[in-house]
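Scope of the values below: all heavy atoms of this structure, side chains included, with no hydrogens, waters or symmetry mates. Residue numbers begin at 1 in each chain, while the letters A, B, ... track the order of the sequences.
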There are 4 protein chains.
Amino acid sequence: MKLSEIKLQKKKQEIILSAVKLVNKKGSHGATMEEIAAELLMTKGSLYYYFKNKEDLLFQCHEMVLGQAISELQHYVNEVISNEQKLRKMIANHIRYMIEEKETFNMIIKPDQTFSKDYLQPILRKRNEYAAWFDKVIKKGVEEGEFTIKEPKIARMILLGSMNWIQQWYKLNGDKTIEDLQAIYADYLLKVVK
Amino acid sequence: MKLSEIKLQKKKQEIILSAVKLVNKKGSHGATMEEIAAELLMTKGSLYYYFKNKEDLLFQCHEMVLGQAISELQHYVNEVISNEQKLRKMIANHIRYMIEEKETFNMIIKPDQTFSKDYLQPILRKRNEYAAWFDKVIKKGVEEGEFTIKEPKIARMILLGSMNWIQQWYKLNGDKTIEDLQAIYADYLLKVVK
Amino acid sequence: MKLSEIKLQKKKQEIILSAVKLVNKKGSHGATMEEIAAELLMTKGSLYYYFKNKEDLLFQCHEMVLGQAISELQHYVNEVISNEQKLRKMIANHIRYMIEEKETFNMIIKPDQTFSKDYLQPILRKRNEYAAWFDKVIKKGVEEGEFTIKEPKIARMILLGSMNWIQQWYKLNGDKTIEDLQAIYADYLLKVVK
Amino acid sequence: MKLSEIKLQKKKQEIILSAVKLVNKKGSHGATMEEIAAELLMTKGSLYYYFKNKEDLLFQCHEMVLGQAISELQHYVNEVISNEQKLRKMIANHIRYMIEEKETFNMIIKPDQTFSKDYLQPILRKRNEYAAWFDKVIKKGVEEGEFTIKEPKIARMILLGSMNWIQQWYKLNGDKTIEDLQAIYADYLLKVVK
DNA sequence: GATGAATGAGGCTTCATTCAT
DNA sequence: TATGAATGAAGCCTCATTCAT
């Protein structure tokens, strides 16, 4: 019983990972069930054993990816370092996601064009959860005198927004490495909150 | 002769405006030619009198909107004010677009999922043209000692990226007016370049 | 009254000539009313002043072309020369049509895929009229001892069929001139009837 | 594994056969995917499981039909009989195709109005392959003194052209049987090459 | 669990035709 | 006469979804 359950979940994960990649290369509309299946050497029909429909698959992609990102944020917040240090790490982490796993975060950008009403609520909730960790650190930083910002939420929007934009223009093998980018963004964005 | 040409262009504009609205509510995929036509009380087929195909229509939407925005930027840059003043105005303008005509800028975000190769070139060119006006002011500001930024292009990316994100969350009738937002963003983003 | 009538007919001729060219380059389906009109620097709509609909235009193309060809055949038959001489001239003429005005005869090949029932009758009648001139000469030739053929109709089918096929493969600027072809075909095809 | 592959091919054959019939009754334009499907009690969409698009289906129709005809020619050529005998059999065979499976050869007539560039090459190649078997026998006949013709290729064009024309006029249940026709054509056409 | 096959709704596009001006 | 504009039917094609085996 347990074993088969575990196997099922494992397979699901596998599908989700593969789907995420494809979805973000081609967009949620451009990626067809056929292609997603093909990448896994399955056939279209089989996907429906694991997921109710395409939207369900996309939804679970979203949940998985963002869930993981959240747990990473959580980790940084719990470290015993200054809020600035935390924020720097969180920024670096977000940028890494944006570039190395650019595929993943993409789907967050315009969920309302991808998901129907039923799915939209939990999606937005997860998104807020993610943002909340940034808010927490920024607020703490203000309280503890590290930051001076009066509108912490808007500051957070600026941080996330500017970073989400990176994938629009960044190309690996350009003149900047990821580390360069992480450093520059951290510096510039901290100027916003300080 | 001239008259009919003018009429034609006018109708095209009308269609473009309507299409822009729909495309940005539903995405370029979600908006069908049928719906775009219906909104104008036309039939599908009539659209093809004015535009070669859907991609052509979308392309012209893009050109029109961004072209107009560029001409506004140009205006600010030519005023006789400090670079900071210019940048503030450009930021305010971009934010206004992002909110009041949110529909328009939306289509800029992921052109490569909307457009085929032939159209991508001119689209990216226009986008760069728009960005170049920001670069110009930032660079000038650095030269004249108003700004201190070492990576002006990345700074510009941060500005635009953060502002483009606004439409993801901003709702009219919330607790912030557009003017509030313009002021806050200008203040925070200028901290980046200063 | 007369004058306007003449003008009308002239214009019709003009349209037919142009249509014939296009139809045979692109096929009766491939040639659109738009293109036919464009070639004449007209607009689609105007064509409907002169012709009831596309089929009507195509029909009149057919009538014109075949009518002209028939009158030429008639001319040869009335000359005072041997039946073999007549047949040679008729063959040469048909080949010239097939190549130089290949466009024209094309439409004869599969009329039932182009025309609806109403038009089919007169079309086939005209076709038979054309063929009848060949039959006449062949029969006369048999009567007068020039030819020996027992199945004059089938012989005629062979003649016309083989010549109609020319357009499938003949290319101007190849190694054979039209005159070469006319000579060779005349020689070979006369072997059939002799 | 093998079995499903075989089944697939079988179904493809079935579709091709049905398509050939329809295409030649209505022309490649007149025959719609919908009708082709309906004839097989399928739906439009299903056809696309077997064929990439309409052109692909038409192409495979062409390949199948001509391929079969070629293999038959090949058979006659390899028999140990005089070249005249061979040619007679090949003529009879072609005529049989032209009448009994008139549907099949029809599509060969104007491939350039049916197929786009990519498909045209292999189509013409196949056509030439078919013709080459006629050329071979005719040339051999000339070498061995059976035929006297100086332009064997043009002779072949005359043979094929005249036979392809048969379908334009021949009606079963007329006063000539197929066997009549085969005999008459063989006699008359051999006069050409002799 | 998996798959091959089928389906059908829906989208894009073409084009003959119409008609007011 | 001519045209600009609109229409709508019809065709091609895609793809999420279903289901018997």
request  = Using chain C heavy atoms and a threshold of under 4.0 Å, write down where along DNA chain E the contacts begin and end, 5' to 3'.
outcome  = E/dC15 to E/dT18
remark   = By nearest-heavy-atom nucleotide on DNA chain F, the more 5' of C/Lys7 and D/Lys54 is C/Lys7
Not counting sequence neighbours, which residues clear side chain to side chain contact (heavy atoms under 4.5 Å, CB included) with [X]? List them please.
X	result
C/Lys126	C/His62, C/Glu63, C/Leu66, C/Ile70, C/Glu129
C/Lys12	C/Gln9, C/Tyr50, C/Phe51, C/Gln60
B/Leu17	B/Met64

query = Of the residues in residues 28-46 of chain D, which ones touch DNA chain F at a heavy-atom distance under 4.0 Å?
reply = D/Thr32, D/Met33, D/Lys44
Student check: side-chain heavy atoms of D/Tyr49 and D/Leu8 closer than 4.5 Å = yes
ask   = Are any non-hydrogen side-chain atoms of D/Leu22 and D/Ser18 less than 4.5 angstrom apart?
value = no
[X] has an atom [atom1]; how far is it from atom [atom2] of [N], in whole Å?
X	N	atom1	atom2	value
B/Asn53	F/dC12	CG	C1'	15 Å
B/Leu47	F/dG8	CG	P	14 Å
C/Tyr49	F/dA2	OH	C1'	10 Å

With sequence neighbours excluded, what pairs up with [X] under the side chain to side chain donor-acceptor pair (under 3.5 Å) test?
X	result
B/Lys26	B/Glu35
D/Glu14	none
B/Ser46	B/Thr43

query = What residue pairs, at least two apart or across chains, pass salt bridge (charged side-chain N to carboxylate O under 4.0 Å, His left out) with a residue in residues 40-54 of chain D?
reply = D/Glu34-D/Lys44
message = Applying a 3.5 angstrom cut-off to the pairing atoms, does DNA chain E sit in any stems of at least three consecutive Watson-Crick or G-U pairs? List them by first number.
response = E:2-21 with F:2-21
query = Can you list every pair that meets ring pair (Phe, Tyr, Trp, His ring centres under 6.0 Å) and has a residue in residues 6-39 of chain A, with sequence neighbours left out?
reply = A/His29-B/His29
Could you tabulate the donor-acceptor pairs under 3.5 Å formed by side-chain atoms of residues 116-125 of chain B, not counting sequence neighbours?
from	atom 1	to	atom 2	distance (Å)
B/Ser116	OG	B/Glu55	OE1	3.1
B/Ser116	OG	B/Glu55	OE2	2.7

inquiry  = At 4.0 Å (heavy atoms only), tell me whether C/Tyr50 reaches a base, stays on the sugar-phosphate, or touches nothing.
reply    = sugar-phosphate
